[in-house]
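Quick note: numbers below take in every heavy atom, side chains included, and nothing from hydrogens, waters or symmetry partners.
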Amino acid sequence: MRRYLALFFPYLPAERLSRTAPRPPDAPLVFAEKRRGALCLASVGADAEALGLVPGLPLADARARVPDLAVVAHDPACDLLWLDRIAEGCGRYTPLVALDPPDGLILDIAGCAHLFGGEAALVADVESRLDRLGMTVRAALGPTADAARALTRHPAPPAPDETAAVRRLPVAALDLEGEATRALLRAGLRTIGDLASRPMASIAARFGAEAAGKLRRILGDAPSPLAPRRTPPPVAAARRFAEPVASTAHATTVLAELTAEAIAEMRARGKGGRAFHATFFRSDGLARTIAVETGRPTRDPALVMRLFAERIDGLRDPIDPGFGFDMIRLAVPRLEALGASQLRLEGGAVRRAAIDDLTDRLAVRLGRGRVRRLRPADTHIPEQAQLELPATDAAPPQPWPAAPDGEPPQRPFYLFDPPQPIEVIAEVPDGPPQRFRWRRALHAVRLYEGPERIAAEWWRRRDNRGLTRDYYRVEDVQGRRYWLFRHGLYDEKDGPRWYIHGLFA
């Protein structure tokens, strides 16, 4: 049986702003945004709501009612970041936390409430932490996510149980469009119970399939899946403290112990970790997550802790324990097979491991996308034959193609991206180049080798978007070597053009 806890923050923008910027103490706070060419209220604070101001009201009308207003531009991106930080802190209760933007969260607490002394104690703990954070919250439990969400946003009259409370909700709890809600009210259907007493087929026929579908989800007759912001990791270890820990050094020691526990579990599974996420939960409800990645699966606790130390030292703002950490969790979201390996006698494997360790440390300190590595791609198109990917990504199974022994390189060391156009003079239209002009300089060809014909991919040839290329390796009279190609055959295109694609050393 699933159980859901919905949280609704009615004054999230105002309370988020109060943590970062001062405002006039006696001026009601409102947030304005432009809608259809006019400024309207997007959100209001508690003091503005007490004066009768509501979201959607034009700003001019709001100033007419309350001349002394503190007006701030609405910033939904900052509100979403703040909501995500609160969701990170709610991860102490359950790993299944979903965002309900712009001002709500939904927690799947099935199997978690007993850890906190029951559902009532869990809700009380959530409310007390958010109160210390300065957040006003409305919480409600329900058998479905839609029912819990509706109970937080549309308070119903007192009821003996949750089923009765859901049936007493107004039809506005379905969150239908305005015209659909008005049609329900004109038909005399004012509550969810009034709708539930009607045949579902008649509701769908008269008010639309959306109304019937949302009604079934609220009542629990249809699934209402939850999309958590993070999926539960395959391996995790956590430590709770009876008293908050205010020492960062002690928290790091606990993290090392959790790393050893997680690695012991991975060793039992024959797996290694590729990503490690450490989350420090503060007693005020916030949390801070630090993530590191490795270029290959590992079960080395010293390596993992060294990467965490590099990341913590490179943070712009250090980990602030606030009033202390009351929980630390280590999650390993990415696992890969890692069997026993034997080192070669000449130490080649040791040197490769040292290079991988150095790459991981640079990626942690400089950023995941700053340290990159070229990987081969399975294609004949030269400019697409290699991919530039983050160095911590898994290596593809195919190796780099090796040149035959004693043969000159088939591809130049330097490629132009994109290829540069040239003017070519050939004896016959589809023959090799005799002279070509590049960057206003004329080059006479002394030797050439080719053509090497590379056709376009079949899916490009099918819709006439790809042309065949004839490549030539040429050497001019001064001994310089170039890689030229004619883009298109004469039966594919009238007057195909020539390009220089690369330079040999």
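- In this structure, Ala251 and Val245 approach most closely via the heavy-atom pair N-CG1, 4.4 Å.
- The shortest distance between side-chain heavy atoms of Arg149 and Asp175 falls below 4.5 Å.
- Paired with Tyr482 under the rule ring pair (Phe, Tyr, Trp, His ring centres under 6.0 Å), one option of Phe504, Phe436, Tyr499 passes, and it is Phe436.
- Judged by distance alone, with hydrogens and angles left aside, the side-chain atoms of Ser224 form no donor-acceptor pair with the main-chain N or O of Gly220 at under 3.5 Å.
- Between His250 and Phe241, the ring planes lie tilted relative to each other; the angle falls in the 30° to 60° range.
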What do the steps show when you test Leu7 against Thr152 for side chain to side chain contact (heavy atoms under 4.5 Å, CB included), and what is the final call?
CA-CA 7 Å; Leu7 304 177; Thr152 59; over 6 Å; no

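- Atom CZ of Arg435 has 12 or fewer heavy atoms from other residues, nucleotides or ligands within 6.0 Å.
- Remark: the backbone N or O of Pro429 is paired with a side-chain donor or acceptor of Tyr490 at under 3.5 angstrom.
- Here the side chains of Pro102 and Leu83 are not in contact, with every heavy-atom distance at 4.5 Å or above.
- Between Pro496 and His487, every side-chain heavy-atom pair lies at or beyond the 4.5 Å cut-off.
- Remark: Leu5 CG to Thr94 OG1 distance equals 10.0 Å, nearest 0.5 Å.
- A salt bridge links Glu265 to Arg269: at least one charged side-chain nitrogen sits closer than 4.0 Å to a carboxylate oxygen.
- Rounded to the nearest 0.5 angstrom, Tyr448 OH and Arg481 CZ are separated by 14.5 Å.
- The shortest side-chain heavy-atom distance between Phe8 and Asp100 does not fall under the 4.5 Å cut-off.
- For the pair Asp430/Leu489, no side-chain contact is recorded, criterion being any heavy-atom separation below 4.5 Å from C-beta on.
- For Arg411 against Ile454, the heavy-atom pair with the smallest separation is NH2-CD1, 4.0 Å.
- With contacts defined as side-chain heavy-atom distances shorter than 4.5 Å, the pair Phe281/Arg129 does not qualify.
- With rounding to the nearest 0.5 angstrom, the CZ atom of Arg239 is 5.0 Å from the CD atom of Glu257.
- A salt bridge between Asp103 and Arg153 is present, with a side-chain N of the basic residue lying under 4.0 Å from a carboxylate O of the acidic one.
- A donor-acceptor contact shorter than 3.5 Å is absent between the side chain of Arg2 and the backbone of Thr144.
- Taking both residues in full, the closest heavy atoms of Pro297 and Ala337 are given as CG-O, 3.9 Å, listed atom of the first, atom of the second, then distance.
- Taking OG1 of Thr248 as the reference point, atom CG of Leu255 lies at 12.0 Å (rounded to 0.5 Å).
- Salt bridge absent: Arg473 and Glu452 never bring a charged side-chain N and a carboxylate O closer than 4.0 Å.
- Between Leu17 and Phe31, some side-chain heavy-atom pair lies under the 4.5 Å cut-off.
- Between Val126 and Val137 there is no side-chain heavy-atom pair separated by less than 4.5 Å.
- Nearest heavy-atom pair, Arg229 versus Ala87, reported as atom, atom and distance to 0.1 Å: CD-CB, 3.7 Å.
- Nearest heavy atom pair, residue Phe276 against residue Leu330, reads CB-CD1, 4.3 Å.
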Stepwise side chain to side chain contact (heavy atoms under 4.5 Å, CB included) check, Arg469 with Ile381
CA-CA 9 Å; Arg469 303 181 186 182; Ile381 307 302; 4.2 Å; yes

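- One finds no salt bridge joining Asp146 and Lys214 here, because no Lys/Arg side-chain nitrogen approaches an Asp/Glu carboxylate oxygen to under 4.0 Å.
- Ion pairing between a basic and an acidic side chain is recognised when a charged N comes within 4.0 Å of a carboxylate O; Glu293 and Arg311 show no such pairing.
- How far NE2 of His277 is from CD1 of Ile290: 11.5 Å, rounded to the nearest 0.5 Å.
- Rounding to the nearest 0.5 angstrom, the gap separating the CG atom in Asp108 from the CZ atom in Arg3 is 10.5 Å.
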Go through it in stages, so that I can follow the logic: the residues are Gln434 and Val445, the test is side chain to side chain contact (heavy atoms under 4.5 Å, CB included), and I'd like the CA-CA distance, side-chain angles, deciding distance and then a yes or no.
CA-CA 5 Å; Gln434 299 296 318; Val445 176; 5.6 Å; no

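- When the shell of 6.0 Å around CG of Asp491 is examined, it contains more than 12 heavy atoms from other residues, nucleotides or ligands.
- Using a cut-off of 4.0 Å between Lys/Arg side-chain N and Asp/Glu carboxylate O, Asp326 and Arg92 are scored as salt-bridged.
- A 6.0 Å sphere centred on NZ of Lys34 holds no more than 12 heavy atoms belonging to other residues, nucleotides or ligands.
- Across all non-hydrogen atoms, the minimal contact from Pro382 to Leu415 is O-CD1, 4.2 Å.
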Stepwise, does the side chain to side chain contact (heavy atoms under 4.5 Å, CB included) test hold for Lys271 with Val332?
CA-CA 11 Å; Lys271 302 285 187 179; Val332 189; over 6 Å; no

